[in-house]
Amino acid sequence: MDFSTVELTDETREFRRDVSEFLDVHLNEAVLETERRTGAGHSQPLHRALASRGWVQPTWPVDEGGAGLDPLQNRILQLELADRDAPMISSGTTRIVVGAVRSYGSPWLKEQVLPAVAAGEVICCLGYTEPDGGSDLAGVRTGAVRDGTGWVINGAKMFTTGAQHCQYCFLVTRTNTEVPKHKGITTFLVPLDRAGIEIRPIETLGGERTNAVFYTDVRIEDDYRLGPVDQGWKVLSGPLSDEHGLQRGDAELDEINGQGAGYRATLDRLFRHALHWALTAGPDGSRPYDEPFVQLRLAEIATDLEIARSTPGAMGRVNGSELLIRDSALLVDLVGPTAVLPHGATGASEDGLFEWGHRYAQGTATYGGTTDIMRNIVAQRVLGLPRPPRFDG
Amino acid sequence: MDFSTVELTDETREFRRDVSEFLDVHLNEAVLETERRTGAGHSQPLHRALASRGWVQPTWPVDEGGAGLDPLQNRILQLELADRDAPMISSGTTRIVVGAVRSYGSPWLKEQVLPAVAAGEVICCLGYTEPDGGSDLAGVRTGAVRDGTGWVINGAKMFTTGAQHCQYCFLVTRTNTEVPKHKGITTFLVPLDRAGIEIRPIETLGGERTNAVFYTDVRIEDDYRLGPVDQGWKVLSGPLSDEHGLQRGDAELDEINGQGAGYRATLDRLFRHALHWALTAGPDGSRPYDEPFVQLRLAEIATDLEIARSTPGAMGRVNGSELLIRDSALLVDLVGPTAVLPHGATGASEDGLFEWGHRYAQGTATYGGTTDIMRNIVAQRVLGLPRPPRFDG
Amino acid sequence: MSAAKQRQLRRNDYSLDEQQQAVHEAFADFFTAECPSSRVRAAEPLGFDQALWGKVRELGAVSMAVPADRGGDGATLIDLVLVAEQYGRVLAPVPLIEAVAAARLLARLDADAAADFLAATLTGEMLPTLALHQVGHDPRQIVPAGAVARQVLALHGQELVLITAAAPPEHVENMAHASLAWWDLSAQSGDRQVLAAGPRAVEAFAAAVREWKLLTGAALASSGDDAVRLAVDFVSSRTAFGQLVGSFQAVANAIVDAATAVSAARNLTRKAAWFAEYAPHERRELQPMAYLASARAAVQAATTAVHVQGGFGFSVESDVTLHFRRAKGWSVLAGDPSRELFDIAAHLPASFQ
Amino acid sequence: MSAAKQRQLRRNDYSLDEQQQAVHEAFADFFTAECPSSRVRAAEPLGFDQALWGKVRELGAVSMAVPADRGGDGATLIDLVLVAEQYGRVLAPVPLIEAVAAARLLARLDADAAADFLAATLTGEMLPTLALHQVGHDPRQIVPAGAVARQVLALHGQELVLITAAAPPEHVENMAHASLAWWDLSAQSGDRQVLAAGPRAVEAFAAAVREWKLLTGAALASSGDDAVRLAVDFVSSRTAFGQLVGSFQAVANAIVDAATAVSAARNLTRKAAWFAEYAPHERRELQPMAYLASARAAVQAATTAVHVQGGFGFSVESDVTLHFRRAKGWSVLAGDPSRELFDIAAHLPASFQ
């Protein structure tokens, strides 16, 4: 057990200063404002700048395009990016895809993709969910059919976030309808510039942009296949469980609450701003925090933050999201009418943070597998509860 | 819509005074203390006294052993009994059974049972749940087999509350194993003095006594059958849905929240005592209610009380129980250490009411069909949500 | 555990009588026909549809709120709650509740000026609204319907004033896409007329805010009801893992809990309206309870509906997002709904001792 | 949304080191072997098993809590939390937490008398306990372990006193079947010795109460953990409606939520213990947070376990009822756990600004 402060070496302190100065320049108000306006989840100027320092894949060796950072340095970099609200959605999906390419890509595909990723020239999105499918990945219908040495793809995917600026989509397809559902799946890395691909924007309640992507007679070579034909389920169990936040990094600095860590960080930000609001004196000289009602509410939320931080694995993913949903709503209530004014509106509390937080929170229960699915995982894998009877393979 | 005060006629006022004076005598401290000690849910002296006035089946005509009360008089009687915490569990189960006997009993059985019920000589309990069955009534295993003109019963029932003082048990049995589960059920009114019946007490967390009842080669005549052979499911849909609290009386005075009404009444009692506690000055002259913390808590609970009262039908049954469970726990917290001292202990707050309330509350989510089953009923019957796939008949 | 003292016997009848049922149906038919979600969306972000507002007025939704002896049609608060329910169900982009609360406040005042303003309100020449918070150190506040109204009724100290502007101030964007605007209500600003002063002014204003909350609560509960309907429709037609989404117990139970909260809030709001109309000095905690329950139920229902619709529910294409925005965006305008607990607490000793 | 100021980098390692793992295992083995639920039941209602208490003391559970330079074995608060977890898991009928908190309080005092009492405590001649509430207008209070102890440490005004009785007062029945008794702590009562006075006495007493809460929180979280285990075992072996009870999503999710609350509470308690041991002036809100989270998690877990076991869970035959009684019965002795929120609130500005 260890929660001690990390004593930074001179070298690490220097690194931290370097990161900070770099981000002062490249993660500037223009980048943030563009992100607020577009909800793209990605800034190409920032991404290029990060790539120039090897910070797109910061822990990769320098000769592979990374920066060879140690876990502490990487943690410092990631924390700075998160604290400054850097748009990193596509970086996250790319990280998931890179894992699959490393494990299952052909040598040619690796050569095509991995250096370009590190160089900031390639980013990747995820083609998982289908219009009728929800979180049921095994029920995928988008089909890939053999065509000579290649494949022809037809179908549609919802919520392919980042498709409008990504070069590749990690696509889950059905290649066999004669076998139990999860045994007829094959995964591909599909170049998004192929003919027959149409990308339509989907606006979300949280302001993030995502996409519906339609695939009509899209032809790709077999080299873009990831893993053996019909064995995509195995490929998916890697990245999916990663997206589900069930894996933890090695560093003793890492959060233990998986995918919930990011949502907790959002709640942390909302809380800090609310505390700032509560400790600021109004025109009559009194502070909201002088009132027991306000103290009780903020103390509850601060406790939730520590609870979320202390909840391990898949449980932490559920708590991270659900406490954010509950508390973001309570914070709007607490702050009052100015909390429903968005960024840029006259008089918006904390520049619209609370208005955004309440909307944004709702999506966190769905991203990368719903909290319902997470509870099933906890029930069956953590607690060993019996599975419900199933009707299909 | 009408929530006005009922203007009592002189006659009704007189009736109310009569009830009150009657209960001052017959629902005395000895009766209450016996109930606290035994948890029997029934007082034979009180029951006999009620019967002497026709108040066991108060709305029945006088010539059938009732008192011919109108709905308002009956409401007054029931409220007085409830407000004074009369032990009426077996009266409630008897009421359910009487409905089945009236609808399905042979003329001989009706003659045996109904006048005796009104006279306070017969009370009935429910033999529903089995050791492995939980709330799954269709899965009943206790068997009844034809034996000449009668039947032989073998099996076991759990949670047959009141068996130790009842004359009959309304028993659910399996008479056919060749058909889908709910089509092979037959119900009987079993005299509890037959050979082969063993009653073993079960103590509960709430202090109520219930029983496991074992049936070994118990012989009964066919006259005790209720409804056609193998069609017990139809018989059950009456009393069961009544126990589930889905039916409402005619009187505009009645609660709309079904079985939840009784649980709400318990919460009401806890709340009134807590408010009394909060408004009582301590040795230093201050009252707990002077503190915002206490005000907030009691205002939440008072709101829950109104919410429970305003929640209709099966939803009201869920709310009545779950709000009682939550709030009874919060009240113990609020009042503090003296709230965990039981009735009779030195210094127990409100004579142990809070200590009892927190324990008692837990059973309310199970009695007469769990809150889980109630939610299924709301989902499917009220909201029209699709049923889960089933595996058995 | 001792014998309780004998309690009052009250009727407990939540059902609508014939006349109430008629009001309910008339406005349900009207709003359903006139205000599909496309019309709500078309009015965003200002949240005002002039043509629809004209029709709502023509139907008598404002005049019915005013007593017959003040030139109106003398509907009860129960009737007004039934109207507000239908307004809230479709999220109609009209300043109905503000106009009703302001008109009734004017009708409660003795001043001749108030009578004139009331007459102008009834003819539609004037559209007054209400500043919900007593004007204190900061003279500026966010006023509902403040972006479409030129007159605001406000309590300044112990003075009830009507502030008139040449034109409504600029609309301020907000989560609900409601017609909010910042108003400067200081003594110096604009045309200012004192309509009443002293304790009676304070009480008249407080009554108006209570009515605004009662009707907003009714609207919120019905918004929640429609969110539940949209959730039920969705999960009854979509499949996942080989079965209908709504047949998963976790999904169904979340909807059941939301529907339960909404049902209770609606009934409680109607009951509070009955007491406000017929027994205004009894059970005064019922109004803040109803408002609190409705605000919470609306947020719970909208949040649940967004969630059970999965990715679709989080896309702006889904109508549940319309409810989601109003659930919180409406219910916080009068301050934190949980602060109603203090008002409730203030009334409990009188009601229960 | 602006750049946050650079934060401290802290490790976030909840894992037990080898020595901690050894403590954990030793006490887990001991309590599992020595204290089956039958022994808990046999000790009811007094909640005291003299023979078991002797073994607990022999194992060093009290002496380890005292610093080496005061004659003990100098374990950390983390170690003590690990011991309290195992005590709470089996609901051992021994006054472990009271004895530890009292011994550590004595060790914190300078008075010679305190040293003598500490020595007697370490040899087992004396069993002191702690009155959790500052003695105010009412000199009587319910004291944990007060029915088996003859000495109570109490804060009277600014005086820390040791009250000695000829014999423990009569046991008072209580929900937890704990060894509670009413003590009269007034100046006039019994043998009374002042061990410290002034702000240092107040702070020493406050520290002792914090430690009592920390260890009681650890015990509560583990009680919740065992309730979850009992719930899982039950629903994994019983069927209803043709399937295992635990395969119903509503049942499974209720258990998942309880298990989640328990896991978080345990981790948070361990973290709070780390800070109390190694960084006592930082993040002081962690201790009240841990206690609050543990009290709530224990009640949630016990309530859930009772419910998912159905009728059986509500019968006293089920061991989940043992946990149910302690969950609330232990956690309210120091007052409403939700009042910890005020203590948390007092520390937040220092920790987050």
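Bear in mind the structure is a predicted one, so any value in this text is a computation, not a measurement. Sequence lines set the chain letters: A, B, ... in the order given, protein chains first and strands last, and positions in each chain run from 1.
- Using a 4.5 Å heavy-atom cutoff, the side chains of B:Leu385 and C:Val232 are in contact.
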Quick one: do B:Val318 and C:Thr260 satisfy side chain to side chain contact (heavy atoms under 4.5 Å, CB included)? Show the steps, please. CA-CA 9 Å; B:Val318 174; C:Thr260 300; 5.9 Å; no
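- Note on B:Leu298, B:Asp304, B:Asn376, B:Val382: by heavy-atom pairs under 4.5 Å with chain C, the leading option is B:Asn376.
- With a 4.5 angstrom heavy-atom cutoff, B:Asp2 touches chain C via backbone and side-chain atoms both.
- Closest heavy-atom contact between B:Ala299 and C:Ala345: CB-N, 4.1 Å.
- There is no contact between C:Phe248 and chain B, counting heavy-atom distances below 4.5 Å.
- The side-chain contact (heavy atoms from CB on, under 4.5 Å) test with B:Thr303 is passed by exactly one of C:Met289, C:Glu285, C:Glu340: C:Met289.
- Interface remark: C:Leu268 contributes backbone and side-chain atoms alike to the contact with chain B (heavy atom separation under 4.5 Å).
- C:Leu348 places a side-chain heavy atom less than 4.5 Å from the side chain of B:Phe271.
- Counting heavy atoms of neighbouring residues, nucleotides and ligands inside a 6.0 Å radius, atom CD of B:Glu11 does not exceed 12 of them.
- With a 4.5 angstrom heavy-atom cutoff, C:Arg296 touches chain B only via side-chain atoms.
- Between B:Met315 and C:Val256, every side-chain heavy-atom pair lies at or beyond the 4.5 Å cut-off.
- Chain C forms the most heavy-atom pairs under 4.5 Å with one residue out of B:Glu29, B:Glu306, B:Arg272, and that residue is B:Glu306.
- Here C:Arg10 is the residue among C:Gln20, C:Arg270, C:Arg10 with the most heavy-atom pairs under 4.5 Å with chain B.
- Neither the backbone nor the side chain of C:Arg229 comes within less than 4.5 Å of any heavy atom in chain B.
- Of the atoms belonging to B:Arg309, heavy atoms from both backbone and side chain fall under 4.5 Å from chain C.
- Among C:Leu16, C:Ile344, C:Val228, the residue with the largest count of heavy-atom pairs under 4.5 Å with chain B is C:Ile344.
- Distance check, rounded to the nearest 0.5 Å: CZ of B:Arg297 to CG of C:Leu341 gives 10.5 Å.
- Neither the backbone nor the side chain of B:Leu27 comes within less than 4.5 Å of any heavy atom in chain C.
- Closest of all the heavy-atom pairs between B:Pro386 and C:Leu244 is CB-CD1, 3.6 Å.
- At least one side-chain heavy atom of B:Glu255 sits under 4.5 Å from a side-chain heavy atom of C:Asn12.
- Ranked by heavy-atom pairs under 4.5 Å with chain C, the first of B:Glu322, B:His276, B:Gln295 is B:Gln295.
- Only the side chain of B:Leu279 comes within less than 4.5 Å of a heavy atom of chain C; its backbone N, CA, C and O stay farther away.
- Considering only heavy atoms from C-beta on, B:Pro312 stays 4.5 Å or farther from C:Tyr14 through its side chain.
- From C:Asn267, atom CG reaches atom CD1 of B:Ile256 across 4.5 Å, with rounding to the nearest 0.5 Å.
- Residues C:Asp17 and B:Met1 have side chains not in contact (no heavy-atom distance under 4.5 Å, counting atoms from C-beta outward).
- Both the backbone and the side chain of C:Ala252 come within contact range of chain B, each with at least one heavy atom under 4.5 Å from a heavy atom of that chain.
- Side-chain polar atoms of B:Ser4 and C:Tyr278 form no donor-acceptor pair below 3.5 angstrom.
- Looking at C:Asp343, there are no atoms closer than 4.5 Å to chain B (heavy atoms on both sides), in backbone or side chain.
- Top candidate by heavy-atom pairs under 4.5 Å with chain C, chosen from B:Ile307, B:Leu8, B:Ile76, is B:Ile307.
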